[in-house]
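In each ligand, atom 1 is the first atom listed, and ligand 1 is the first ligand listed.
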Amino acid sequence: DKSLIEIGVHDLRDHATNVHRQVDDTPYGGGAGMVMMPEVWGKAIDQVIDKNSELIILTPAGKKFDQRMAEELSTKEHLIFACGRYEGIDDRVRQYYQSEGFKVREVSIGDYVLNGGEVAAIVIAEAVTRLIPGVLGNPESIVDESHAEDGYIEYPAFTKPAEWRGIKVPEVLLSGNHAKIKQWRLKMALQRTRDQRPDLLADRSLSKEESRLLQELDVELKAKQEQDSYN
Ligand code: 6GU
């Protein structure tokens with residue numbers, strides 16, 4: 001509506017070179033599966049590429065997409081997503097556009113296998129476009145979210161009512177004590193990160209307060225385990 005972004009979708013088969021509209025063929029060297037033909041991809045890409053374009057080849061063999069990459073991509077003028085199917089795209093497509101001076105990257109959205117790169121392209125498009133100024137309603141929520149600069153998972157959120165199906169909102173959030181609330185949120189963020197994403201904590205140094213909060217959590221966990229062993 002605001003013309004902040006423009007997205008086009010293209011059918012690879014429109015660029016097929018034979019009557020069967022074939023886009024894949026058997027792999028040189030043998031083996032299972034089919035490989036996408038370079039000539040078909042070349043014709044398709046040539047039709048949309050210009051000097052501002054960067055080519056992104058979606059493949060489970062690519063570099064893993066993350067928020068950093070989303071931020072970088074959000075500054076680019078034009079992205080072409082080439083969605084691979086089958087056993088992937090003939091590698092000469094990557095080689096050719098690289099040799100022509102284009103930035104080409106192979107990107108994966110995670111360690112699992114999809115049938116094709118189409119859904120991955122949609123995932124990346126959503127993560128990237130929401131970072132473009134003017135796309136998101138409230139720019140502040142960009143800074144405060146999970147995977148923002150601080151590298152922790154976000155703290156849990158609550159809204160009204162203060163009690164729902166017998167479960168109360170943590171008292172501190174109703175206290176109006178903003179320093180206490182900030183500290184509680186950091187503690188919850190640390191706890192969640194340690195429980196769900198220990199990999200995020202592994203390679204970073206903690207501040208004094210963060211170490212203290214984690215120790216507090218350890219003590220609370222031990223106390224809870226003792227309690228549970230009685231019950
Ligand atoms: Cl980009 N493509 C496919 N086929 N599988 C994936 C992927 C991409 N990212 C994760 N798994």
Near [X], which atoms of ligand 1 are under 4.0 Å from a heavy atom of that residue?
X	result
Ala120	1 (Cl)
Ser108	1 (Cl), 9 (N), 10 (C)
Val107	1 (Cl)

Thinking salt bridges, do Lys187 and Glu220 make one under a 4.0 Å N-O criterion?
-> yes
Would Lys224 and Asp228 pass as an ion pair if we require N to O under 4.0 Å?
-> yes
When you look at CD of Glu163, are more than 12 heavy atoms from neighbouring residues, nucleotides or ligands closer to it than 6.0 Å?
-> yes
In the protein, what heavy atom is nearest to atom 10 (C) of ligand 1, and what distance, to one decimal place, separates them?
->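 The closest one turns out to be Gly110 O, 3.1 Å.
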Closest non-hydrogen protein atom to atom 2 (N) of ligand 1, residue and atom name please, with distance?
->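 For atom 2 (N) of ligand 1, the nearest protein heavy atom is Pro60 CD, 3.5 Å.
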Going by heavy-atom distance to atom 5 (N) of ligand 1, choose the closest among Asp111, Ile109, Leu114.
-> Leu114
Main-chain N/O of Gly134 paired with Lys2 side-chain donor or acceptor, under 3.5 Å | yes
Backbone N/O of Glu154 and side chain of Arg192: donor-acceptor pair under 3.5 Å =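 Side chain of Arg192 to backbone of Glu154, a donor-acceptor pair under 3.5 Å: yes, one is there.
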Under 3.5 Å, N or O to N or O, is Tyr112 touching ligand 1 that way?
-> yes
Heavy-atom closest contact (Tyr112 atom, Pro60 atom, distance) | O-CB, 4.5 Å
